[in-house]
2 protein chains.
Amino acid sequence: MSHQSPDAIGPDGAGYLPGLALDAVIFGFHENQLRILLLEYRNTGLFALPGGFIREHEDLNAAARRMLAERTGLSDIYLEQFYVFGDQARYDPEPMRSIMRANGLTPTDNHWLLRRFVSVGYYALVDFTKAVPRPDALSDSCDWYDLNRLPALMQDHQAIVQKALETLRINLDRKLVEWAASLLPDTFTMAELQSLYETILNEKLHRSGFQRKMLSLGVLERIDKKYTGGAHKAPYVYRFVAG
Amino acid sequence: MSHQSPDAIGPDGAGYLPGLALDAVIFGFHENQLRILLLEYRNTGLFALPGGFIREHEDLNAAARRMLAERTGLSDIYLEQFYVFGDQARYDPEPMRSIMRANGLTPTDNHWLLRRFVSVGYYALVDFTKAVPRPDALSDSCDWYDLNRLPALMQDHQAIVQKALETLRINLDRKLVEWAASLLPDTFTMAELQSLYETILNEKLHRSGFQRKMLSLGVLERIDKKYTGGAHKAPYVYRFVAG
DNA sequence: ACAAAAGTGTTAAACATACACCCATGA
DNA sequence: TCATGGGTGTATGTTTAACACTTTTGT
């Protein structure tokens with residue numbers, strides 16, 4: 001589990017559903033790399049996934065949307081639940097205690113944030129160029145990290161990222177269009193789209209086969225050419241068309 | 001959400017995680033039909049999915065296993081989370097109030113069971129011939145109902161069943177072997193296996209293509225012939241071999 | 001012998017894969 | 001004019017689908 005605006009939450013967690021949290025793996029795609037948003041907690045060197053709690057009269061998915069908007073400034077985000085992390089052993093109160101101390105709080109032993117949490121895992125796909133990462137009240141920074149070079153993460157957050165990635169891989173073919181439309185800018189080249197695929201699947205694909213397959217889906221519209229200044233043929237730029 | 005052994009749970013729900021429940025869609029396959037287990041509540045005519053709560057020091061998935069074992073008598077069940085139902089509007093305290101009254105309980109307005117619950121949906125696949133359905137403390141019966149002829153269900157349980165079925169359809173190809181091994185008896189005919197497929201996908205498949213595809217997976221072992229007394233060639237009986 | 005269901009064979013179409021080729025571009 | 005990356009064409013192999021044919025069984 002993680003946290004947002006904890007100033008607004010008393011030591012008893014009033015106003016929020018007890019024992020339930022959500023953690024989000026927020027994916028962006030930039031320079032042919034998948035990246036995720038991580039928070040760094042003040043004076044602790046601890047990294048964590050953005051997370052939040054559910055208000056007493058708020059839908060679970062709405063809470064996820066609210067939290068996503070707070071971290072990225074975006075309101076129309078593609079997001080989906082992928083797993084509930086509910087092992088009793090997953091929660092170790094120590095990291096949270098240090099975080100709170102580093103924020104000048106002196107938590108009692110049965111402080112709300114130090115109890116066991118079950119956490120609903122969400123993955124979100126955002127347009128890297130549009131998101132404006134914002135730290136939460138307990139953290140110094142909220143920034144993009146290359147999936148292949150993640151810092152050590154709090155608790156079981158590493159496992160949560162792993163599971164989110166697995167989910168992406170399993171469902172890529174089925175969700176292709178929605179996902180690519182969420183992760184890429186409005187227009188993109190075929191090479192960029194292929195690179196997104198390859199990054200998620202972690203395998204090289206054949207260039208010509210990929211092109212054919214994508215075009216055969218009938219969801220791409222060719223706009224014009226993109227002159228990159230490179231000494232080679234200018235690639236076409238594509239856009240998704242409403243199905 | 002639902003309930004188990006509520007006698008052991010006081011009006012404050014002590015010993016259990018608050019606000020969190022689990023509901024299970026327990027699938028069995030019999031006479032070429034998919035069936036699920038439903039509870040019927042005493043004197044109320046209300047039908048519901050089997051459900052339960054999580055003990056304070058229990059893993060979420062372990063709680064699901066415990067509940068599954070209580071309802072079916074089986075301990076080695078294939079089960080998986082598929083969605084968290086967390087809409088604020090989903091919980092209507094009225095049905096639960098009637099159920100409690102029908103059981104001679106006089107719930108206070110803020111009784112634990114009458115508050116909002118977020119519920120983790122599990123689907124489970126069991127061998128129909130081995131399961132021994134057992135009602136829980138609040139219900140009269142726990143029985144199999146044909147998926148195509150379900151009675152009206154409490155709350156959003158109809159939607160939960162729908163979502164579970166969707167999940168089955170989406171993942172059938174990928175999970176094929178595990179699932180068929182869980183749902184079918186130890187030995188079965190190719191026609192039975194095909195019928196299971198057709199029931200889950202809700203579409204007819206070509207007989208010969210299906211046979212070829214299944215055999216090409218290399219996980220079926222042909223045992224011997226099954227003489228049904230029918231005036232036709234006796235089908236072979238198959239068994240899954242450990243991959 | 002016949003009907004009914006099971007198993008196998010045959011063919012054609014669809015799809016994927018690999019490679020080759022041509023094109024445009026800037027150095 | 002060359003190297004580079006992009007787009008398309010072609011040959012090959014694999015998978016899927018549809019249908020026909022044969023086999024086995026009880027009546």
Side-chain angles (χ1 to χ4, degrees), chain A residues 29 31-33 169-170 172-174 176-177 180 184-185 187-241, chain B residues 29 31-33 169-177 180 184-185 187-241:
Chain A
F29 187 66
E31 288 173 348
N32 292 344
Q33 292 291 334
R169 286 191 182 131
I170 289 171
L172 179 56
D173 280 322
R174 204 164 49 86
L176 167 76
V177 181
L184 294 173
T187 66
F188 49 86
T189 66
M190 194 57 79
E192 286 166 339
L193 181 57
Q194 179 170 354
S195 161
L196 171 59
Y197 254 75
E198 292 177 341
T199 309
I200 291 178
L201 295 179
N202 200 28
E203 63 179 306
K204 281 258 162 287
L205 301 174
H206 290 272
R207 190 172 56 90
S208 70
F210 183 81
Q211 170 120 345
R212 226 183 300 275
K213 185 167 165 175
M214 288 304 111
L215 293 179
S216 77
L217 295 174
V219 295
L220 289 178
E221 182 189 2
R222 187 175 279 179
I223 310 286
D224 52 12
K225 293 196 174 182
K226 180 184 183 183
Y227 292 86
T228 60
H232 52 77
K233 188 171 179 177
Y236 287 106
V237 166
Y238 297 87
R239 165 167 60 195
F240 285 103
V241 292
Chain B
F29 187 67
E31 288 172 349
N32 292 345
Q33 292 291 334
R169 285 189 184 135
I170 288 170
N171 295 305
L172 179 55
D173 280 322
R174 204 164 49 86
K175 300 280 200 172
L176 167 77
V177 180
L184 293 173
T187 65
F188 48 87
T189 67
M190 194 58 79
E192 286 165 340
L193 181 57
Q194 178 171 355
S195 160
L196 170 60
Y197 254 75
E198 292 177 341
T199 309
I200 291 178
L201 295 179
N202 198 29
E203 63 180 309
K204 281 259 162 285
L205 301 174
H206 289 272
R207 190 174 56 88
S208 71
F210 183 82
Q211 170 121 345
R212 225 182 301 275
K213 186 169 166 173
M214 289 304 111
L215 292 179
S216 77
L217 295 174
V219 296
L220 289 178
E221 183 189 1
R222 186 175 280 178
I223 310 286
D224 53 11
K225 294 196 176 185
K226 181 183 183 182
Y227 292 85
T228 60
H232 51 76
K233 187 171 178 178
Y236 287 106
V237 167
Y238 297 87
R239 165 165 62 195
F240 285 103
V241 292

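Lettering follows sequence order; numbering is per chain, from 1.
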Check: More 5' along DNA chain C: A:A234 or B:Y238, using each one's nearest nucleotide?
Finding: B:Y238

Margin query: Can you tell me which nucleotide in D:dT25, D:dT10, C:dG9 comes closest to the side chain of B:S208?
Written below: C:dG9

Next item on the list: Would you mind reporting whether B:Y238 and B:M190 have side-chain heavy atoms less than 4.5 Å apart?
Entry: yes

Next item on the list: Using a cut-off of strictly less than 4.0 Å, decide whether A:Q211 has a side-chain nitrogen or oxygen near OP1 or OP2 of D:dT8.
Entry: yes

Item checked: First encountered from the 5' end of DNA chain C, between B:V237 and A:K213 -> B:V237

Margin query: Tell me whether the side-chain N/O atoms of B:H206 come closer than 4.0 Å to OP1 or OP2 in D:dA18.
Written below: yes

Margin query: From the set D:dT23, C:dT25, D:dG7, return the single nucleotide nearest to any side-chain atom of B:K233.
Written below: D:dT23

Check: B:F210 CZ to C:dA6 P: how many Å, rounded?
Finding: 12 Å

Margin query: What is the separation between atom CG on B:L205 and atom C1' on D:dA17, rounded to the nearest whole Å?
Written below: 12 Å

Notebook entry, point to check: Atom CD of A:E192 and atom C1' of D:dG6: how far apart are they, to the nearest Å?
Noted result: 13 Å

Notebook entry, point to check: Can you check whether A:F210 reaches A:L193 side chain to side chain, under 4.5 Å on heavy atoms?
Noted result: yes

Item checked: Min side-chain heavy-atom separation A:Y197-A:D173 under 4.5 Å -> yes

Check: Within a strict 4.5 Å, meaning less than it, do heavy atoms of the B:L217 and B:L176 side chains meet?
Finding: yes

Check: In whole angstrom, what separates A:L215's CG from D:dT8's P?
Finding: 7 Å

Next item on the list: Could you please name the option among C:dA20, D:dT25, C:dG7 that lies closest to any side-chain atom of B:P235?
Entry: C:dG7

Next item on the list: Give the minimum heavy-atom separation between A:T199 and A:N32, together with the two atoms involved.
Entry: OG1-O, 3.7 Å

Check: For the side chain of B:H232, counting heavy atoms from C-beta on, which of C:dA24, C:dG7, C:dA4 is nearest?
Finding: C:dA4

Notebook entry, point to check: Whole Å only: how far is the CG atom of A:D224 from the P atom of C:dA24?
Noted result: 16 Å

Notebook entry, point to check: Taking the side chain of A:K225 as its heavy atoms from C-beta onward, which of D:dG6, C:dA24, C:dG7 lies nearest to it?
Noted result: C:dA24

Notebook entry, point to check: Are A:Y236 and A:T189 side-chain neighbours, meaning at least one heavy-atom pair lies under 4.5 Å?
Noted result: no

Margin query: Could you tell me how far apart A:L220 (CG) and D:dG6 (P) are, to the nearest whole angstrom?
Written below: 16 Å

Check: Quick one: B:R212 CZ to D:dA18 C1', roughly how many Å, whole number?
Finding: 10 Å

Notebook entry, point to check: DNA chain D: B:S216 or A:T189, which has the more 5' nearest nucleotide?
Noted result: A:T189

Next item on the list: Tell me whether the OP1 or OP2 atom of C:dG7 has a side-chain N or O from B:Y236 closer than 4.0 Å.
Entry: no

Check: What is the nucleic acid contact for A:G230, judged by heavy atoms within less than 4.0 Å: base, sugar-phosphate only, or nothing?
Finding: sugar-phosphate

Note to self: Quick check for you: among C:dT25, D:dG9, D:dG6, whose closest atom lies nearest to any side-chain atom of A:R207?
What the structure shows: D:dG6

Check: Under 4.0 Å between a side-chain N/O of A:R222 and OP1 or OP2 of D:dT8, yes or no?
Finding: yes

Checklist line | Atom-to-atom span, CE of A:M214 to C1' of D:dG6 - whole angstrom | finding: 17 Å

